[in-house]
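Have a look at the structure below, then the notes.
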Amino acid sequence: METLKAVYINEIFKISKKKKFFLALIFSFFSVIVAAIAVYFLNNFAGIRITGSSDFSIMVLSVLSYTLFPLFIAFICIDMFVGEFVDQTIKLTLTCPAPRFKVFLGKILAIASFIMTNLFFVMVSSLLVSIFVSSSMPNLIKVFLAYIMEFFPLFVFALMVVLISNIAKGTTSAFMFTIFIFLVFNGLGFVFPYFKSLFFTSSFDWYTLFLGSYINSSKIIRLFLILLGYSIMLFTAGYYLFEKKDI
Amino acid sequence: MKFNKKSKIFGMFVLGAVLLLTSAFADIALGSGYYNLKTSIKTTAAELTDGVDNFSVDLIATAKVDGKVFAESISNIKYDINKQAIEISGTDLQKGKTIENYSYHDENQRIYKNFEDGSYSVIERHKSRKNDHKIIENPFEEEQAIDAETIMDALVGGLENLIQIEETDNKKIYIGNISDKEIPSLVNAISSFVFKYSLLDEWTVERLNIPSPKSNIYVKEASGKAIENEEGILESSIFTASMSAKDSKGIEHIYTVEFSIDIKDINSTLVSAPNLDGKEVNYTKEGYEFDEKFIGQYKSNIVEVEGNSFVKRGERIIEITSVANGNLKGSYYEVYDDGYETNSLGSFEFSSNYDESEHYTIINYRNSKGEMKQGVMHRSNMQDLYVSFGVEIDGDGRGYRSDISDDSFTSEFVRVFE
């Protein structure tokens, strides 16, 4: 446990030193500001309340969950795996007494922490901004719940990028392949909506299941099990490749 | 029994795959309320267009502002699929005035009632009309509908789970409610935009005498309920949607639309033409564009540009000499100044056969080279003609194009009154 903790702290330290981490936060914040300006102008000049009575934070989540969140998750994951193999810094980590499973788990936990931090940062900034653009008081519980739920599909996406990073030889190919898979999964979900449960990207808006007056619990359980199944598959496949990889 | 690391990894991977596939296929098999409702709508459309002999539909559409009705349409439509007959009766309410309407259509005639004087108009259908148009078509068999369905499925997204299904007495009840808190921003923005700029634009607002939506427009709520009977047909459906908006004075108004559709009397609906005995009836034949009052002379000037002015060089003249049962006879000739040379059509006699086209009057003539040609003649304004010569009729008989490219030829022929 101590080893895992040490690996995790080391990985968190590395992430916090990356420019991409701050870029993710800065871009996320500016996205919130741009969304607020768009909402303000649409309401004041076109007369359309784009967010209706729903929360501004939920609107921001619905946009970022398909754009900035996956983009920066892909950057961080590729950097932490294929990036470290390319610039040989992985040697420092793997020559430590920690077994490879704990190194892999530590990295995954650090990525999970990054996703949570990004979600939390956007939630707080959008709630603060919503004071200026929304006429009604946001439903804090539902907003909090929506951001928590969004963690799960984003985490599955991160595990997919980790798997790709352990297959790819370079950062560019890993990034391009990630984009390709992301677009293919979304495209398949669009073309074959009846079978979209098979594609985890269709769960990126599953937090809406928690927002309505009618909570479809069986649907929530089914989607959770699908995401869990994906997580187990991608985690084990990713770890298998990481374990086999030569320095 | 001891497992090595590779077996453990493989075992975990298989566990994840089993979990994923069983959950995903269970989800696909169970479907959502939206997909079940969509299947039910398709079944209803297929049954009503091909599976039953006759049925009735009660249709009510109401529009309200702040709970007060400003427009309403109530219709009872009876369909007889075997006889290809349809009977529509109903009322329309607009600006506090109720207007009744009644019509009956079958393969041979169309009948309309004029409620102001109680008279009827009977239009005999054109003999050459091809009876390949059904009175009711299944919209889901159209190619456009298939594409629209794919786009709709994608746009519905997470909203598909809002529709719940309840089952009582072998009937399925679909219920869906969405409040302002649940409506996605994109749906809200598009709906509000369409509402302000398309549905209730300035002209419509003024015509209906209702408050104009100016600001703070958003979807307030939407709800619907549909009942599917034992045969899988949606026998009753209601839908309500409300928008909130402020007018130019900043006063908030709630705009509501309500739709109700009831399908009833399946295979027990009687559709029959109204009894016209003792009633005032105006009989006309479909496609009778011309009658005796069109006998006479029509002229079109031959004009050319000289310097910077228009100069009249002559006239093209059409004389209609007889009109009987929609069949025309007449002649065409040109008179122009001495020495003027033009792309003359020559002079010829023409005639038309009413049964030749259901869409327009085709005139047949022999040109100066002795070739048989066709032209198309329409009414223009109240008393004039619009004529095209040397036309080629499209295969389906709906369109045509003229081979005359002479700039000095104008198709408008004005009636000459001596």
Side-chain angles (χ1 to χ4, degrees), chain A residues 39 42-44 46-56 58-60 62-63 101 135 139 142 189-200 202 205-209 211-214 216 218-237 239-240 243, chain B residues 5-6 8-28 30-33 35 150 153-154 156-162 164 175-189 192-193 195-197 213-220 244-246:
Chain A
V39 168
L42 265 173
N43 196 17
N44 284 278
I48 294 167
R49 252 173 75 179
I50 196 167
T51 56
S53 282
S54 67
D55 294 304
F56 174 74
I58 302 290
M59 191 206 83
V60 169
S62 68
V63 176
F101 177 72
S135 55
N139 186 331
K142 290 210 165 171
F190 187 83
V191 178
F192 305 107
Y194 201 73
F195 298 99
K196 68 181 182 185
S197 308
L198 281 168
F199 315 112
F200 70 88
S202 67
D205 62 354
W206 83 314
Y207 58 83
T208 54
L209 289 169
L211 302 180
S213 49
Y214 164 64
N216 191 340
S218 63
K219 177 80 181 179
I220 292 168
I221 292 169
R222 287 198 300 275
L223 286 185
F224 179 76
L225 290 175
I226 290 168
L227 292 175
L228 186 64
Y230 261 117
S231 303
I232 295 170
M233 278 174 69
L234 293 169
F235 182 90
T236 47
Y239 169 63
Y240 179 75
E243 174 82 27
Chain B
K5 195 189 241 178
K6 207 171 179 179
K8 282 180 193 168
I9 292 172
F10 182 71
M12 284 300 287
F13 185 82
V14 171
L15 175 73
V18 170
L19 196 59
L20 164 67
L21 291 174
T22 50
S23 307
F25 282 108
D27 195 59
I28 291 166
L30 282 168
S32 63
Y35 283 105
T150 309
D153 287 346
V156 163
L159 294 179
E160 67 179 69
N161 301 304
L162 288 168
Q164 307 162 56
I175 302 166
N177 291 299
I178 186 163
S179 70
D180 51 353
K181 298 267 182 200
E182 302 162 56
I183 292 166
S185 304
L186 187 64
V187 175
N188 189 58
S192 303
F193 188 84
F195 177 75
K196 183 179 178 183
Y197 294 107
K214 289 287 182 195
S215 61
N216 223 31
I217 304 165
Y218 66 95
V219 182
K220 193 161 176 60
S244 176
K246 287 182 180 173

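For Phe195(A) against Ile28(B), the heavy-atom pair with the smallest separation is CD2-CD1, 3.7 Å. Nearest heavy atoms, Ile9(B) versus Tyr240(A): CG2-CB, 3.9 Å. Heavy atoms only, all atoms of each residue included: Ser23(B) and Arg222(A) are closest at CB-O, 3.8 Å.
Here the straight-line distance linking atom OG1 of Thr236(A) with atom CZ of Phe10(B) works out to 10.5 Å at 0.5 Å rounding. The CG atom of Asp27(B) lies 5.0 Å from the CD1 atom of Ile226(A); values are rounded to the nearest 0.5 Å. In this structure, CG in Leu19(B) is found 9.5 Å from OG in Ser231(A), a value given to the nearest 0.5 Å.
With a 4.5 angstrom heavy-atom cutoff, Lys214(B) touches chain A only via backbone atoms. Heavy atoms of Tyr239(A) lying under 4.5 Å from chain B belong exclusively to its side chain. Only the backbone of Leu211(A) comes within contact range of chain B, with heavy atoms under 4.5 Å apart. Residue contact with chain A, scored on non-hydrogen atoms closer than 4.5 Å, involves the side chain of Tyr197(B) exclusively. For chain A, the nearby part of Lys6(B) is the side chain; its heavy atoms alone come within less than 4.5 Å. With a 4.5 Å cut-off on non-hydrogen atoms, Ile178(B) does not touch chain A at all. Heavy-atom distances place no part of Val63(A) under 4.5 Å from chain B, backbone and side chain included.
Contact annotation: the side chain of Ile232(A) never approaches that of Phe13(B) to less than 4.5 Å [non-hydrogen atoms, C-beta and beyond]. At least one side-chain heavy atom of Lys5(B) sits less than 4.5 Å from a side-chain heavy atom of Glu243(A). Phe25(B) has its side chain within reach of Leu198(A): a pair of non-hydrogen atoms, C-beta onward, lies under 4.5 Å apart.
At most 12 heavy atoms of other shown residues, nucleotides or ligands fall within 6.0 angstrom of atom CZ in Phe193(B).
Across Tyr230(A), Phe224(A), Phe192(A), Trp206(A), the residue that shares the most heavy-atom pairs under 4.5 angstrom with chain B is Tyr230(A).
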